[in-house]
Each structure stands twice: as C-alpha cells, then as structure tokens.
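Here the structure is laid out as structure tokens; the discussion comes afterwards.
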Amino acid sequence: MNKHQIAQALDVMAAILEINGENPFKVRAYQNAARIVEGLNGDIASLIATGELREVKGIGAQLAKHIQELCESGSFEEYETLRTSLPVGLLDLLKIPGLGAKKVRVLWKKLDITTIEALKQACIDGHVAALERFGERTQQKILQGIESVKKYEGRYLFPKVEAQALRLRDALKSHSDVIRCEIAGSLRRRMEIVKDIDLVASTKHPATVADFFASLPEADALVGKGDTKVTITTATGVNADLRIVTDEQFPYALHHFTGSKEHNVAMRSRAKEHDLKMNEYGLFRGSDEINIPCKDEAEIFKVLGLDFIPPELRQDMGEIEAAENHALPKLVEEIDLQGTLHMHSTYSDGRGTIEEMALAAAALGWSYIGITDHSKSAGYAGGMQLTTIARQHAEIDELNRKLKGMRIFKGVEVDILADGSLDYDDDTLRLFDFVIASIHSQFTMPEAEMTARICKALRHPLVDILAHPTGRLLLSREPYAVNLPTVIEAAAKHRVAIEINGHPQRLDLDWRLGRLAKEKGVKTVLTSDAHSPDQLMNVRYSLNIARKGWWEKSDVLNCLSADDLSAYFAKRRL
DNA sequence: GCCGTTTTCGGCCCGACTGTTTTCAGTCG
C-alpha cells in the first residue's frame, strides 16, 4: 500500500472504532495517524525500515506496527476483524451532515439500516422519528442531508467558493454595525478544496448582524441561527457560517475559525503548557480566567512565544515549532512575480494569440511570458508540427521587436511518451529557449513504470521544467500512480524545476510535497497553464499553493527578472 | 492509542447549536 491508501485505511479504522463506541481518544489517535501518514515526506517503506516512522510524534508502537502491516500486506488483523464485523455501506452514513457515529450505531442496531438508500426509505416511512432521541426534526434534517450529499458531495474547488465568500464578506463589511469582518476557515488557509465558507464579524449589535446575514439575497436557505452563529446555504449550494463576536474577541475568534483544527489543538496544548486557556473568545490566565488582551493575531502568537504564522501554514505540519525557533519561511508574494511560463496560444489549443497573451500579462504588471504550446503527438490539442514551430518563432521574434517592456520566451510543452522519451528530437528542442515536459497520455501504468518514465525525461539534458507531475484533476480524476519523492529526488539531481500548475483543478505539485522539494533544492515555477488571456490570473492559485508549501521567493524561477531567467536557461544549455 | 523534565498512569482542546427532553447527548468545527 502507498501512503494515501494507508491513511485511508487508518481513517476507516477510526470510523469503525467510533461506531463501536470505542474510547474517543483512541479514535483520535487513528485519525491523527492518518493525517500524519498522508503528510510524511519520503518513502513510507524506507521510513519503516529505518525506524524513523516510530520517531514521529503521534505514531506509537502499536500504530507503527499497524502501518507496517498495511504497507506490506494491505491490512492488519484487528482491522480485518472489525471491518468484516460491520456491514458494507454503514460508514457512508457518516457523510450525512448531522449524523455521527452514535446515531449511525442506533440506526444500525435498532432499524438495521446499513445504506443511505435504506435510511432514506426509513425516514420517508417515519421510522426514524420514532426512535428515542431522534424525533421529527431530526428525520427531516437527515432527509435534507441525504439530498445535499447526493447533489454536491460537499466539496468545492477554491475559486468557486472564494468568489461567493468575498461577496458575503463585502456585504457584511458594508453594514454600519459591523466593526471588523474577515473570511476564515480553509479558504483563508488557501486549501485547494473547501467544504464551506467561514466568516467572522465583530459588532456591538450581534442580533442585528445575525438578522442581516440571514436576510442577504445570497442566502438561499437558513440552516441554523443562534446568538453568535448563523449558517446559510448560498445560491451556489455552499454553506456559509458567520460567527459574531465582540471586537475585543475578534482576533481570537479569527484565529480559532481559521484553523486548521489540528493547528488549533496544538496551539491550545501549547497555551496549556504556558498555564493559559485558549478558546475563540480569548487567552485566559489563572483560575479567575483573566483575559490577556491582544489586538490582533500576531499578539496572540507573541504571548505564546511564537512568530506570526501565516494562515496558509496553519496545518500543524511543523509551523509551530518553526515559529518558536524564528525559522518560518518568508513566503513568496504576488509582488515578487516578474512573469510566468507555461501557457498556450492559437498555435496549439489556446484561444488567444501570442500577442493577446503578452498584452494580458503586461496588464498584470509582468515583464515576460513563456509561450509553451503542445508538441506534435498531442493531436487532441493541435500539437505543433515542425513547420508550425518555424512560423511561431518568426512571430515571437517580431513581437519581441515590437512590444516594449514585455519579453516573450520561446517555450514548448513537450509530451513525455510512454517510454520516457520526448516527443521532439534534440535538434528541434534546441530551437526553444526552454522546455517543459509533461504527460498527457497512457495514464494507467503501474507506479514503478510511471516513475521510471518521468525520471527518464528528467535525465534528458534539454528538459528545464516538469509540469503537473501527477496529472490529477481535483474532484474528477485521480492522480496517476507515481512515486513523487523519487521524482523529486531525480529533479534535484538533474536540476529540473517542478511546476506548481495554477489551474484550479490541478494545483499540481501538491503543497504537501513542497517542503520536501524545497529541502532537496528543487526550484519551482508558478504557472497558469492558461488557454486564454483571462486564465493568466490562475497564477494566483499557484501562488496560494506555493505559500502553503513553504516556498520562498528565491525558490521560484519566475521571481527572476527576464534577463536573469534568460541567463538561467542559457546556462543550463552549456 | 499516544505521551511524559510534576512520567509508566491518567490525562488527552473547547464551546455553540440542535433537538430532544426538562437537563443533556450528539454533532460539528
């Protein structure tokens, strides 16, 4: 089993234990382990072999043993026993909002319900409402929950939700009773996929603000409303939570609702070590709970002896330790970007001419672009034949003479063929200023074969950048099987940069691999993979992921000036 | 199941909201 599969098994294990009414801390230990395994750098098998896995905080003797067995044989005894004791489909019930382990167990034991379909029928027949501690309202809520699970699956790409969240935030900010209002939650942490919108507002008139939020035209339905929390379903189907606090409480609430949950748990443990209690309303000392006043998040961190941790890094993946040691990275910023590479024009499957792409980039304040149309085998995308390349380069030369303050690099996105060779011969590749290599066919190879295929391409002396290294399309296509640590190792050895593709469905390289790549000395490029001028903005999403991956300005090729980048490419050809 | 400079047992983050029941369990983040 690979890391992802092991993490999934541990999560399933946690769910089973929960339904069986096990010790909640044991459940958490498994959930925690799943998250840790998912975020491990390096090859899991070798981490087990060297005993390093056992050294990781949160992985004790028992879990290390289970993980080893999962890795080697795909299962472990306790897991098999428990899993087979539970009906298939029961765990799906946990996906329904409002249903947790306890209720699922009751439904199973009392009504023998083991699938979502059966649950739906039981609700319609009124059996669920008859159960102790369930009632009519719960039954209705379950039915609604089933519909929403089916309709939306409850996960959304970042851009779709971000736009909605900004509208809600701006509406709240425009209200005269709102003092401060910010987007919190996974959106603020710039996660690639988000489940809902979290907003925090401060005011002296909570009831007024709550009513205002619930009555916004964006609010399709009111899910819940209390003194300090309002939940609406927006027209796009995304739920939005508003938390209302006093202005004194705002920094603590903003931090709390920004999360991540794991970061918060770690922060509160740290507060406890300092004899403090931390919650969304403050940071309290002593038995009489005297609040330590903080005017913003930075002061909260300071009280706990930490540097300010940017929201993107709040994943409990080493940021607290780094903040303590003043070792946080100075994250790359939008203003650092001088240009971008990887985009398509009408010479392959892009909808904009090269000039239109260049002018759009100039409007964004950039001083260069790299045009990278597809290579000849990419028939699906109008890949360039040799005669086309000559025409394209003549046009770029002409534009470079004509356009002031904008340089166009001649690039190509060359297909990595099934055997790891490239789709143009070396003489053709040398016609370009730089070469991006990527996979667009034959996705279903075994992992070892795919990894070897990509590593062979990385060894090619004319390859400068590897694009979308896993080929994933978020919420629609799984990544192809590839051993990324091995690919990163090879990229480091051959000094090939790895792109962070800013297409909202790709965001590939994943931020979870960022630190590993960076530590190995691999550079990255923040790209849009734009197929039209307006898509150049996608670089913003690439930047989000770069920041989440701890990348700094000096790690990012398109933070170089046009001249320095030109020199960088030229030097690689020597 | 994990962890530990008050250490090998006894903790493990904390609070709001909902629905049900009438004092609180369950869920969620």
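Residue numbers start from 1 in every chain, and the chains themselves are labelled A, B, ... in the order their sequence lines are given, proteins ahead of strands.
A salt bridge (charged side-chain N to carboxylate O under 4.0 Å, His left out) with A:Glu192 is found for exactly one of A:Arg506, A:Lys548, A:Arg155, A:Arg512, namely A:Arg512.
Both tests pass for A:Arg314 against the ring of A:Phe308: distance under 6.0 Å to the centre and angle within 45° of the axis. A cation-pi arrangement, defined by a distance under 6.0 Å to the six-membered ring centre and an angle within 45 degrees of its axis, is absent between A:Arg28 and A:Phe25.
Within residues 29-37 of chain A, the residues that place at least one heavy atom under 4.0 Å from DNA chain B are, in residue-number order, A:Ala29, A:Tyr30.
For A:Phe76 and B:dG1, the CZ to P distance is 9 Å, given to the nearest whole Å. Separating the CG atom of A:Leu99 from the C1' atom of B:dC28 is a distance of 12 Å, rounded to the nearest angstrom. Counting to the nearest Å, the P atom of B:dC28 and the CD1 atom of A:Ile197 are 19 Å from each other. Atom CZ in A:Phe25 sits about 19 Å away from atom P in B:dC9, given to the nearest Å. For the pair A:Ile142 CD1 and B:dG19 C1', the computed distance is 11 Å after rounding to whole Å. The nearest whole Å value for the distance from the CG atom in A:Leu63 to the C1' atom in B:dC3 is 13 Å. Here B:dC17 presents its P atom at 14 Å from CG of A:Asn279, a figure rounded to the nearest Å. For the pair A:Ile244 CD1 and B:dA16 P, the computed distance is 14 Å after rounding to whole Å.
Side-chain atoms of A:Lys229 lie closest to B:dC17 of the nucleotides B:dC2, B:dC17, B:dC3. Set against B:dG1, B:dA16, B:dG26, the side chain of A:Lys103 has B:dG26 as its closest nucleotide. Residue A:Asp198 places its side chain closer to B:dG29 than to any other of B:dG29, B:dG1, B:dC12. Closest to the A:His256 side chain, of the nucleotides B:dA25, B:dG15, B:dG29, is B:dG29.
If A:Gln62 and A:Leu276 are placed on DNA chain B by their nearest nucleotide, the residue sitting closer to the 5' end is A:Gln62. Both A:Lys141 and A:Arg243 lie near DNA chain B, and the one whose nearest nucleotide falls closer to the 5' end is A:Lys141.
When heavy atoms are screened at a 4.0 angstrom cut-off, A:Met278 is found touching the sugar-phosphate backbone but no base atom. Here A:Asp227 lies in heavy-atom contact (under 4.0 Å) with sugar-phosphate atoms only. Using a 4.0 Å heavy-atom distance criterion, A:Glu78 is classed as a sugar-phosphate-only contact. Counting any heavy atom pair closer than 4.0 Å across all strands shown, A:Leu17 reaches no nucleic acid atom. Base contact: A:Lys261 has a heavy atom under 4.0 Å from a base atom. A:Pro97 comes within 4.0 angstrom of sugar-phosphate atoms only, judged by non-hydrogen atoms across all strands, and of no base. No engagement by A:Glu132 is indicated, since no non-hydrogen atom pair under 4.0 Å with the nucleic acid exists. The residue A:Ala61 sits close only to the backbone: its heavy atoms come under 4.0 Å of sugar-phosphate atoms, none of a base. Residue A:Val56 is in sugar-phosphate contact alone, with no base atom involved, counting any heavy-atom pair closer than 4.0 Å across all strands shown. A:Phe257 comes within 4.0 angstrom of nothing in the nucleic acid, heavy atoms only.
Under 4.0 Å is where a charged nitrogen must lie from a carboxylate oxygen, and between A:Arg540 and A:Glu162 at least one such pair does.
For the side chain to side chain donor-acceptor pair (under 3.5 Å) condition, the pairs that include at least one residue of residues 197-220 of chain A, sequence neighbours left out, are A:Arg167-A:Glu218, A:Ser202-A:Asp247, A:Asp211-A:Lys225.
Comparing the C1' positions of B:dG26 and B:dT21 gives a spacing of 14 Å, expressed to the nearest Å. Between B:dT18 and B:dT23, the distance separating the two C1' atoms is 15 Å to the nearest Å. The separation of B:dC2 from B:dT8, taken at their C1' atoms, amounts to 12 Å, rounded to a whole angstrom. The C1' atoms of B:dT5 and B:dG1 are separated by 23 Å, rounded to the nearest whole Å. Separation of the P atoms belonging to B:dG10 and B:dA16 is 31 Å when rounded to the nearest angstrom.
A:Lys3 has its side chain out of reach of A:Glu38: every pair of non-hydrogen atoms, C-beta onward, lies at least 4.5 Å apart.
More than 12 heavy atoms of other residues, nucleotides or ligands lie within 6.0 Å of CD in A:Glu78, so this atom counts as buried by the packing criterion.
For A:Lys102 and B:dG26, the shortest distance from a side-chain N or O to OP1 or OP2 is below 4.0 Å. Between A:Lys277 and B:dG15 there is a side-chain N or O to OP1 or OP2 distance below 4.0 Å. Close to B:dG19, at under 4.0 Å from its OP1 or OP2, lies a side-chain N or O of A:Arg137. At B:dC17, one or more side-chain N or O atoms of A:Thr228 fall inside 4.0 Å of OP1 or OP2 (strictly under the cut-off). Taking 4.0 angstrom as the limit, A:Tyr281 places a side-chain polar atom (N or O) nearer than this to OP1 or OP2 of B:dA16. The phosphate of B:dC12 has OP1 or OP2 within less than 4.0 Å of a side-chain N or O from A:Lys272.
With hydrogens and angles left out, the side chain of A:Asp241 and the base of B:dG29 share no donor-acceptor pair within 3.5 Å.
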In a table with atom names and distances, give each donor-acceptor pair under 3.5 Å that connects a side chain of residues 104-119 of chain A to protein atoms at least two apart or in another chain.
residue	atom	partner	partner atom	Å
A:Arg105	NH1	A:Ile19	O	3.1
A:Thr115	OG1	A:Ala118	N	3.0
A:Glu117	OE2	A:Lys150	NZ	3.1

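A side-chain donor-acceptor contact under 3.5 Å links A:Glu319 and A:His263. Between the side chains of A:Gln249 and A:Thr246, at least one donor N or O lies within less than 3.5 Å of an accepting N or O.
Remark: B:dT8 base-pairs with no nucleotide; criterion is Watson-Crick or G-U wobble with both hydrogen-bond distances under 3.5 Å.
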